[in-house]
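Accompanying notes for the structure given below.
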Amino acid sequence: MIDLQGIEKAFGSNRVLRGVDLSIGTGTSMVIIGGSGTGKSVLLKCILGLVTPDAGSIRLDGRDVANAPRDEFLARFGMLFQGAALFDSLPVWHNVAFRLLRGANRCPKAEAREIAVEKLRRVGLKPEVADLYPAELSGGMQKRVGLARAIAAEPEIIFFDEPTTGLDPIMAGVINELIREIVSEMGATAMTITHDMSSVRAIADHVAMLHDGVIQWTGPIAEMDATPDPYVQQFINGRAEGPIASVR
Amino acid sequence: MSLTSPFAATGRVVLSALATLGRVTIFALQAASHILRPPFYTREFLNALMQIGWFSLPVVGLTALFTGGALALQIYAGGARFNAESVVPSIVAIGMVRELGPVLGGLMVAARVASSIAAEIGTMKVTEQIDALVTLSTDPMKYLVAPRVLAATLAVPVLVAVGDSIGIWGGYLVGVTRLDFNAATYLKNTVDFLEFWDVASGLVKGAVFGFTVAVMGCYHGMRSGRGAQGVGRATKLAVVSASVMILAANYVLTEVFFSA
Ligand SMILES: Nc1ncnc2c1ncn2[C@@H]1O[C@H](COP(=O)(O)OP(=O)(O)OP(=O)(O)O)[C@@H](O)[C@H]1O
Ligand SMILES: [Mg+2]
């Protein structure tokens with residue numbers, strides 16, 4: 001269970017998060033939607049401690065993360081960055097197996113490589129890709145390698161920042177299914193940011209909409225279409241007119 | 001505003017300079033402490049040693065060769081004014097190992113290494129690779145900074161030693177071919193007047209300069225602003241600050257070592 005209360009974050013005069021309250025139940029899939037630049041990526045980074053919030057509390061299973069042991073805390077997480085963030089000095093398989101190759105419970109190189117190749121297969125990449133360098137891959141392939149890296153150590157909690165942007169519809173479908181599988185079969189907790197409404201419907205148990213620095217609406221996916229909330233309605237129907245300004 | 005503003009501006013500049021100095025010092029101490037504590041990333045260290053040491057050899061060697069040659073010509077010309085041409089071999093050697101070897105070697109390494117470290121780490125920062133490292137439970141200070149700082153601290157003295165030798169050889173070549181020195185006499189004079197501490201002090205300087213170069217490269221890379229512009233600025237700052245600090249440190253070390 002991840003519990004966010006009153007998270008605030010400003011960059012200079014740009015007040016991005018203005019009091020975000022949200023809980024994500026263990027073993028459920030939360031999807032965050034919201035306009036470009038509303039602070040969705042910043043919110044995930046706050047939880048991971050990559051960005052320090054100005055105010056608010058973040059609790060993981062009832063424990064404040066600010067004074068939890070960092071290594072132990074991070075070992076439970078996997079994260080797919082919006083820009084993939086692959087290490088371009090390392091070959092693809094080494095990127096995927098990065099966590100498996102170091103730390104307390106590291107595994108032998110051959111075994112780590114095998115796991116990496118298997119994870120690559122799950123995101124629809126051939127074993128040949130394993131020995132290439134990130135710069136030799138297309139944007140969508142890099143994204144999928146990032147995804148493979150996020151799930152490689154089978155973490156309990158996984159954050160996906162726009163997992164399907166830049167992918168063709170078939171590949172997007174594969175990735176949606178994979179995320180769903182990780183949650184329902186492996187019991188992981190997932191938090192996904194996406195702009196793609198078909199992804200939202202495929203992945204989400206719950207949906208939260210971030211707007212103007214707060215959670216404008218949150219609820220189970222089944223209630224999303226019927227909600228009278230004008231922000232959600234404008235967003236999911238992709239209308240230019242509505243309470244959300246089109247110049248932001 | 002007219003009367004007080006110059007003071008206010010000066011005060012601001014001084015304060016921000018002091019704040020930067022403080023941050024750099026803390027960063028350097030952190031880097032040093034990470035070098036001493038496990039985990040150690042051997043692969044990263046060897047890679048850095050290769051990049052910083054081995055691949056700097058050509059540029060450091062060429063710099064030393066030409067400097068040694070020019071030094072021989074200058075000292076000959078200067079010495080001729082009071083009939084002391086015979087000092088060329090010993091002054092070339094002393095000038096090379098005490099001053100020019102470490103300083104020019106350090107500056108060339110600053111240009112080559114501080115820039116590439118800052119650009120590489122800055123790009124990693126901008127493309128969220130540093131954030132990714134952290135989420136994968138790897139401390140960037142340990143994984144990126146410590147191996148580079150250690151490698152530079154060990155590699156630059158070796159580069160200086162190589163540069164010293166090549167510089168002296170450059171002086172010898174010019175002395176023998178252009179200034180009509182007897183080859184055996186030139187070598188004998190070089191060796192006879194060179195003391196252990198002349199060489200050792202230069203190597204100590206090299207270690208300090210290597211540490212400085214890597215710390216400045218890493219510091220500016222880690223603090224790189226966003227986008228290509230941020231990386232460009234970080235690279236520039238790294239080279240400029242590393243160069244200035246090398247020259248400042250060289251003066252201080254020379255005072256400490258040789259002002260009796
Ligand atoms: N490190 C930073 N420094 C300054 N401003 C930042 C930083 N990171 C994010 N911001 C600002 O915070 C705001 C939210 O950024 P964020 O990346 O979270 O948006 P987002 O909701 O993920 O958008 P998108 O859907 O386009 O990815 C933006 O206005 C951005 O300029
Ligand atoms: Mg984003």
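It should be emphasised that the depicted structure is a prediction, and the values quoted were computed from it without experimental measurement. Numbered from 1 within each chain, the chains take letters A, B, ... in sequence-line order.
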Next on the checklist: Can you tell me which portion of A/Phe98 sits under 4.5 Å from chain B's heavy atoms? Options are side chain, backbone, both or neither.
Outcome noted: side chain
Checklist outcome for this item: Of all heavy-atom pairs linking B/Arg43 and A/Leu90, the shortest is NH2-CD2, 3.0 Å
Item to check | Part of A/Leu100 within contact of chain B (heavy atom distance under 4.5 Å) | outcome: neither
Checklist outcome for this item: Of A/Asp71, A/Leu74, A/Val51, the largest count of non-hydrogen pairs under 4.5 angstrom with chain B goes to A/Leu74
Checklist entry - So which heavy atom on A/Arg99 is nearest to which on B/Thr135, and how close? => result NH2-O, 2.7 Å
Checklist entry - At a heavy-atom separation under 4.5 Å, does B/Leu133 approach chain A through its side chain, its backbone, both, or neither? => result both
Checklist entry - Atom CG in A/Leu86, atom OG1 in B/Thr127: separation rounded to 0.5 Å? => result 9.0 Å
Item to check | Region of B/Thr123 in contact with chain A, defined by heavy-atom distances below 4.5 Å | outcome: neither
Next on the checklist: Please determine whether the number of non-hydrogen atoms from other residues, nucleotides or ligands lying under 6.0 Å from atom CD of A/Glu181 exceeds 12.
Outcome noted: yes
Next on the checklist: Before you tell me yes or no, could you show the steps for B/Gln129 and A/Phe81 under side-chain contact (heavy atoms from CB on, under 4.5 Å), namely the whole-Å CA-CA distance, both residues' side-chain angles and the distance that decides it to 0.1 Å?
Outcome noted: CA-CA 9 Å; B/Gln129 291 179 51; A/Phe81 285 85; over 6 Å; no
Checklist entry - So with a 6.0 Å cut-off around CZ of A/Arg15, is the heavy-atom count from everything else above 12? => result no
Item to check | Validation row: B/Leu136, A/Arg149 side chains within 4.5 angstrom (heavy atoms) | outcome: yes
Checklist entry - Checking A/Arg102 side chain against B/Ser137 main chain: does a donor-acceptor pair fall under 3.5 Å? => result no
Next on the checklist: Any non-hydrogen side-chain atom of A/Lys45 less than 4.5 Å from a side-chain atom of B/Glu128?
Outcome noted: yes
